[in-house]
Colleague: 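Before I ask anything, here is the structure I am working with.
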Amino acid sequence: MIPPLMPTYNRSDLAFERGEGAWLVTGDGRRFLDFGAGIATSSLGHGHPHLVAAIAAQAAKVMHVSNLYRIPEAERLAERLIGATFADSVFFCNSGAEANEGMVKLMRKAAAAEGRPDRFRVICFEGAFHGRTLAMLSATGNAKYLQGFGPPVDGFDHVPFNNLNALRAAIGPETAGILVEPVQGEGGIRPASLQFLRDLRATCDEFGLLLGLDEIQSGMGRTGKLFAHEWAGMTPDVMSAAKGIAGGFPMGAILATERVARHMTAGTHGSTFGGNPLACAAGNAVLEVMLAPGFLAEVEHTGRRLWRDLERLVADYPEVFSEVRGAGLILGLKCVPSQAEVVAACLAEGLLAITAGENVLRLVPPLIVREAECTAAMEMLARAARRCLPSNARLAAK
Ligand SMILES: *Cc1c(COP(=O)(O)O)cnc(C)c1O
C-alpha cells in the first residue's frame, strides 16, 4: 500500500526529536553526531540560539506579506550579501532548484536583451547536480533522473568536468553561458581546479558568454570562504545559493551583477514566498554568525584538521577507503565497499554521514562543529571501517 508520504526517498528508520549543535537525538534518546547536516544545510547546527531567537522574534511579528510590499528584512539581507560578494542585486526564492531555474532565466534574458535572443543554450558538466525541476533535470543531465519524465527540456549541453578543451569545443552560436558547481557535491565531492574556474571566466569573457555558478552546496561558508569561487580569485556573472543560507529554513537566492540583473524588470520573474520576512530573518541571523570575525577561518582550520585525520584513516584502512576529496567542510571519502554499507556502519557507530556519486561517503558537518566532535567522528569512522573490513564482512555473513 502506498505510504502517506510519497515513497521518493529510501529513509533510514530513525526519527529525530531534537538537536543540540552537531548532535541529533531520537525520540527514544539515542544521540547521533550529525556529519550530514540535513544535506549540507543545517550550517549552524541544531538549536543555534541566535538563529532560534531571530526566527521566534520574527514569527511573532510578521511572517509573510508577499512581494507586493517592501520587506526591510529582505532589503537588509540583500545589502549584506552584496557587501560580501561580487553581486549587485539579489533575488530570493525558496529552494536550490528554484534558484538555479531563475539563474538560467537571467542568463537567457540577458543574452536576449543584449541583442542575442538566439543564444539560449547553457553548457553544463558531467557529474553535475542542479536540482529536480524539469529544466534542472536537463541541466543535471543524469539519465536515471530523467527516465520517465518525457522529453528533456532543451537548451543544456554537457561536457566533461575540469576539461577546458572539451568546454571550448562545445561553445556554439546558440550558447548563452556556462553553469558549474565549484565543488560538485552530489556528483561525488569533486572540486573544480582553481585554474579551471579562472579559465572558465576567461573563456566567457573571450566569447561574450555568461558564467553562472551553482554554489548551493559549496557556498555559505562550507569551504572556509563565504563562497567557494573566492579561492580561485575570480567572480561569476550570476550565482545561486540555497542549502545553508538560512541554516535549515527553506530559502534560495540568485546573486547577479548589474549587467545581468538589470534586465529583470517588474513582471519578469516572481515568487509568492520568496524572501518573506521569516526566511530573511533566518538568513540575516545566519549571515551575522558567519561574517563575525574568525568564523570562516575556524571553518577552514577545522576542515584542514579533518582532512589530515581522514588521510590517516585512508592509510589505516585501505581496504575500506581509497581517497580523501573536497575542501573545507565539504569532504568525501571514496569507498572500496559500497558506500551504502559504509553509511550503515557509520550509523551503527552513531555517526550520520551521507552518500554522493562515484561511491563516495560525504561528510558535511555543521560549520559550528567543534574539535572534540571531529575527534569523536574520526573514532566512529575508524570503528565503522573495521566493521567494513572484508574479513569482518565475511564473519558477519556467517
Ligand atoms: C541541493 C542542490 C541543488 C538543489 O537544491 P534543492 O533545494 O534540493 O532544490 C542544486 N544544486 C546543488 C549543487 C545542490 O547541492
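The first residue in the sequence is number 1, and the count goes up from there. Read the numbers this way: they start at 1 and go in the same order the structure lists the ligands and their atoms.
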Colleague: What is the ring orientation for F91 with H269, classed by angle as parallel under 30°, tilted 30 to 60°, or perpendicular over 60°?
Modeller: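 F91 vs H269 ring planes: tilted.
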Colleague: Would you call R201-D205 a salt bridge at under 4.0 Å N-O?
Modeller: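 Yes, this pair counts.
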Colleague: Could you list the atoms of ligand 1 found under 4.0 angstrom from a heavy atom of D214?
Modeller: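 Reading through ligand 1 atom by atom, the close ones are 10 (C), 11 (N), 12 (C), 13 (C).
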Colleague: Determine, for Y145 and R132, whether the Lys NZ or Arg CZ falls below 6.0 Å from the six-membered ring centre while staying within 45 degrees of the axis.
Modeller: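 The answer is yes; both the distance and angle limits are met.
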Colleague: Indicate, with yes or no, if the rings of F156 and F120 have centres closer together than 6.0 Å.
Modeller: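 Ring centres of F120 and F156 not closer than 6.0 Å.
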Colleague: Got the closest protein heavy atom to atom 7 (O) of ligand 1, with its distance?
Modeller: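 Here the closest protein heavy atom is G96 N, 2.8 Å.
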Colleague: Has the side chain of E215 got a donor or acceptor atom that lies under 3.5 Å from a matching backbone atom of H229?
Modeller: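 Present.
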Colleague: Looking at E181, which atoms of ligand 1 are within less than 4.0 Å of one of its heavy atoms?
Modeller: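 Taking each heavy atom of E181 in turn, ligand 1 has 13 (C) under 4.0 Å.
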Colleague: Answer yes or no for atom 15 (O) of ligand 1: protein heavy atom present at a distance under 4.0 Å?
Modeller: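 So atom 15 (O) of ligand 1 has protein heavy-atom neighbours under 4.0 Å.
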Colleague: In terms of heavy-atom contacts, does CZ of R70 have more than 12 from other residues, nucleotides or ligands at under 6.0 Å?
Modeller: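 Result for CZ/R70: open.
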Colleague: Any N/O of A242 closer than 3.5 Å to an N/O of ligand 1?
Modeller: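 No.
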Colleague: Which option out of Q217, M251, K243 puts a heavy atom nearest to atom 2 (C) of ligand 1?
Modeller: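 When every heavy atom of Q217, M251, K243 is considered, K243 comes closest to atom 2 (C) of ligand 1.
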Colleague: With atoms numbered from 1 as shown, which atoms in ligand 1 lie under 4.0 angstrom from a non-hydrogen atom of A97?
Modeller: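 That gives atoms 4 (C), 5 (O), 6 (P), 9 (O) of ligand 1.
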Colleague: Closer than 4.0 Å to some heavy atom of N100 - which atoms of ligand 1 meet that?
Modeller: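 Under 4.0 Å from N100, ligand 1 has these atoms: 10 (C), 11 (N).
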